[in-house]
Amino acid sequence: MRLPRDDARSPVLLRELPGRRVWREGDAVVKAFRHDSRLLRWRDRRRARREVDVLGRLLALGLPVPRPLGVERAGGAWCARIEWIEAVDLGALADRDGLDARTARRVGRALARFTNAGLDQPDWHPGNVLVAEDGGVFAIDFHKARIGAPSSARFERDALALAAHLRERADDAVLRAGLAAWYRGLEPALARALGDLRGLVAEYADRARLVRRAQVEAELDRWLRTSGVALRSDDGTLRRRGGDDGEVALEVRGAGAREHWLAQARLLEHRVPAARPLRLERDRALFDLGGPSAADAAGLGALVRDRALDRDDAGRATLRLQEQRTAPDGTVRFVPRAARVVAGRSE
């Protein structure tokens, strides 16, 4: 699927996934669907149409979403054209500025309106919630969504999923504030079906850790294919998006290269300071030493316990492949035990 070129509108690629590309053209976002399998391309039009139809219905209900601009056929793909909104997604906001309780409450109140409208969005994550400079909150990405009857069970699923995605990026008190605002914004009948607010919020905070573990394991294959975090070249080599070979610091050679690549990716997904995957060839994995570091070994251990990485086979296997490396400034991170230094920074 080629990105169209139009000098007047200067398309800018925003995201590339298997079967889907998203780019900006002036005041519009274009989501192009083209399944890798010819046998399944009959779904492309349906996905583009659903995106536009659900947006139209939500907009008619007065909910904060971008305006749908239509469906078109271009470059062999079915495309949904949507209004561009100048805002930052919730995950990027949390990473850049931190997430405060006031913003979390605004997000919770906005999402309660979608729950009350009966939106069935199976893909709630921080990238699908936008926060504008004026504090406005918008939701996006509805090609998998439907609108039905409001459901307390759906609120439980959605709130827990979003809390799990954010628990390693935001303070517990902030998440509790957002969940409480979401609950208080629900229609009375939905709130009654859910029971006591205090117990519900406490339960969600405790369950979010386990749900986050499941999310990471389910999404770890993104590091083995073209996705939002990795790019596979024609020769099968994988590269971390945004990586620069000039940053290479460590390498692992041999049959265990793939295992080490995934182990470091797992730590990175859990936001544990570690050498970052940079490039994976058939029997060679390269890593750089950028990114945050824990203040000391105790801080690194606390993160491991908080993520429950020492409590199951996948986590324990990852930790067995690691060793702690201390930088001159006293900060520490995990690096592959089998790695050797090859070039670049030597923090």
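Numbers here simply count residues along the sequence, with the first being 1.
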Fill in: Candidate pair R20 and H143, rule side chain to side chain contact (heavy atoms under 4.5 Å, CB included), full reasoning
CA-CA 11 Å; R20 178 156 49 109; H143 67 274; 3.6 Å; yes

Discussion item. Side chain to side chain contact (heavy atoms under 4.5 Å, CB included), that's the test. Do D296 and T331 meet it? Break it down for me.
Written reply: CA-CA 5 Å; D296 52 33; T331 60; over 6 Å; no

Practice prompt. Apply the test side chain to side chain contact (heavy atoms under 4.5 Å, CB included) to residues R209 and R212: give CA-CA distance (whole Å), side-chain angles for both, the deciding distance (0.1 Å), then the verdict.
Written response: CA-CA 5 Å; R209 176 172 62 176; R212 180 59 189 152; 5.7 Å; no

Practice prompt. Could you walk me through whether R307 and E168 pass the side chain to side chain contact (heavy atoms under 4.5 Å, CB included) test, one step at a time?
Written response: CA-CA 8 Å; R307 276 55 165 169; E168 294 162 1; 3.5 Å; yes

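Looking only at side-chain heavy atoms (C-beta outward), V137 and P64 stay at 4.5 Å or farther from each other. Between L321 and Q264 the shortest side-chain heavy-atom distance does not fall below 4.5 Å. For the pair Q322 and L267, the minimum side-chain heavy-atom distance is below 4.5 Å. The shortest side-chain heavy-atom distance between P66 and I140 falls under the 4.5 Å cut-off. Using a 4.5 Å heavy-atom threshold, the side chains of V211 and H165 count as separate. Side-chain contact check for R340 versus L250: every heavy-atom pair is 4.5 Å or farther apart. Side-chain atoms of K31 and I82, non-hydrogen and from C-beta on, do get closer than 4.5 Å to each other. Counting only heavy atoms from C-beta outward, the side chains of L119 and L58 approach each other to under 4.5 Å.
No salt bridge links R258 with D283; every basic N to acidic carboxylate O contact stays at or beyond 4.0 Å. A salt bridge between R57 and D53 is absent, with no side-chain N of the basic residue lying under 4.0 Å from a carboxylate O of the acidic one. A salt bridge does not link E51 with R47: none of the charged nitrogens is closer than 4.0 Å to a carboxylate oxygen. Taking the charged nitrogens against the carboxylate oxygens, R154 and E156 have no contact shorter than 4.0 Å, which rules out a salt bridge. Residues R320 and D313 are not paired through a salt bridge, judged by the lack of any N-O separation under 4.0 Å between the basic side chain and the carboxylate. A salt bridge between R316 and D312 is absent, with no side-chain N of the basic residue lying under 4.0 Å from a carboxylate O of the acidic one. Using a 4.0 Å cut-off between charged nitrogen and carboxylate oxygen, R167 and D306 count as a salt-bridge pair. Note on R146 versus D120: no salt bridge recorded, every NZ/NE/NH1/NH2 to OD/OE distance being 4.0 Å or above.
Looking at every heavy atom in both residues, L309 comes nearest to L319 through O-CD1, 3.7 Å. Residues V332 and T326 come closest through the heavy atom pair CG1-OG1, 3.3 Å. Contact detail for H260 and A338: the closest heavy-atom pair is NE2-CB, 3.7 Å.
H125 places a side-chain N or O within donor-acceptor distance of the main-chain N or O of G127, the cut-off being under 3.5 Å. Side-chain N or O atoms of R279 include none that pairs as donor or acceptor with a backbone N or O of R239 at under 3.5 Å. Q121 contributes a side-chain N or O that, together with a main-chain N or O of D141, makes up a donor-acceptor pair within less than 3.5 Å. N128 places no side-chain N or O within 3.5 Å of a backbone atom of W124 that could act as its donor or acceptor partner. S233 places a side-chain N or O within 3.5 Å of a backbone atom of T237 that can act as its donor or acceptor partner. No donor-acceptor distance shorter than 3.5 angstrom exists from the side chain of R325 to the backbone of F334, with no hydrogens or angles considered. Under the 3.5 Å distance criterion, the side-chain polar atoms of D171 are left unmatched by any main-chain donor or acceptor of A173. No side-chain donor-acceptor contact under 3.5 Å links R24 to the backbone of V29. In this structure a side-chain-to-backbone donor-acceptor pair under 3.5 Å is present from D196 to G199.
Surrounding CZ of R102 are at most 12 heavy atoms belonging to other residues, nucleotides or ligands under 6.0 Å away. Around the CZ atom of R284, the shell of radius 6.0 Å holds more than 12 heavy atoms that belong to other residues, nucleotides or ligands. Taking a 6.0 Å sphere around CG of D27, one finds it holds 12 or fewer heavy atoms contributed by other residues, nucleotides or ligands. Heavy-atom contacts from other residues, nucleotides or ligands closer than 6.0 Å to CD of E83 number more than 12. Around atom CZ of R337, more than 12 heavy atoms belonging to other residues, nucleotides or ligands sit under 6.0 Å away.
When hydrophobic clusters are built by joining Ile, Leu, Val, Met, Phe, Trp and Tyr residues whose side-chain heavy atoms come closer than 4.5 Å, directly or via intermediates, W23 is not grouped with F142. Residues L69 and L55 do not share a hydrophobic cluster, clusters being chains of Ile/Leu/Val/Met/Phe/Trp/Tyr side chains in contact below 4.5 Å. One hydrophobic cluster, built from ILVMFWY side chains closer than 4.5 Å, cannot hold both L231 and V229; they sit in different ones. Under the 4.5 Å side-chain heavy-atom criterion for ILVMFWY residues, no single connected hydrophobic cluster contains both F33 and V52. If you chain together hydrophobic residues whose side chains sit under 4.5 Å apart, L286 and W261 never meet in one group.
In this structure, CZ in R105 is found 10.0 Å from OG1 in T103, a value given to the nearest 0.5 Å. Atom CG of L280 and atom CZ of F287 lie 8.0 Å apart (nearest 0.5 Å). Considering CZ of R109 and CG of L111, their distance stands at 11.5 Å, rounded to 0.5 Å. With values rounded to the nearest 0.5 angstrom, R305 atom CZ is found 9.5 Å from L300 atom CG. Separation of atoms CG (D44) and SG (C79) is listed at 9.5 Å; rounding is to 0.5 Å. E281 CD to L238 CG: the interatomic distance, rounded to the nearest 0.5 Å, is 10.5 Å.
Contacts classified as side chain to side chain donor-acceptor pair (under 3.5 Å) and involving residues 85-99 (residues at least two apart or in different chains) are given here: W84-E86, D95-R271.
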With a 3.5 Å cut-off and sequence neighbours excluded, list the donor-acceptor pairs that the side chains of residues 178-190 form with protein atoms.
{"from": "W182", "atom 1": "NE1", "to": "T115", "atom 2": "OG1", "distance (Å)": "3.1"}
{"from": "Y183", "atom 1": "OH", "to": "A191", "atom 2": "O", "distance (Å)": "3.4"}
{"from": "Y183", "atom 1": "OH", "to": "G195", "atom 2": "O", "distance (Å)": "2.6"}

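Counted by atom type alone, S293 and R333 present one or more donor-acceptor pairs between their side chains at under 3.5 Å. Side chain to side chain, E269 and Q215 fail the donor-acceptor criterion of an N or O pair below 3.5 Å. Under the 3.5 Å distance criterion, with hydrogens and angles disregarded, no donor-acceptor pair is assigned to the side chains of E72 and W78.
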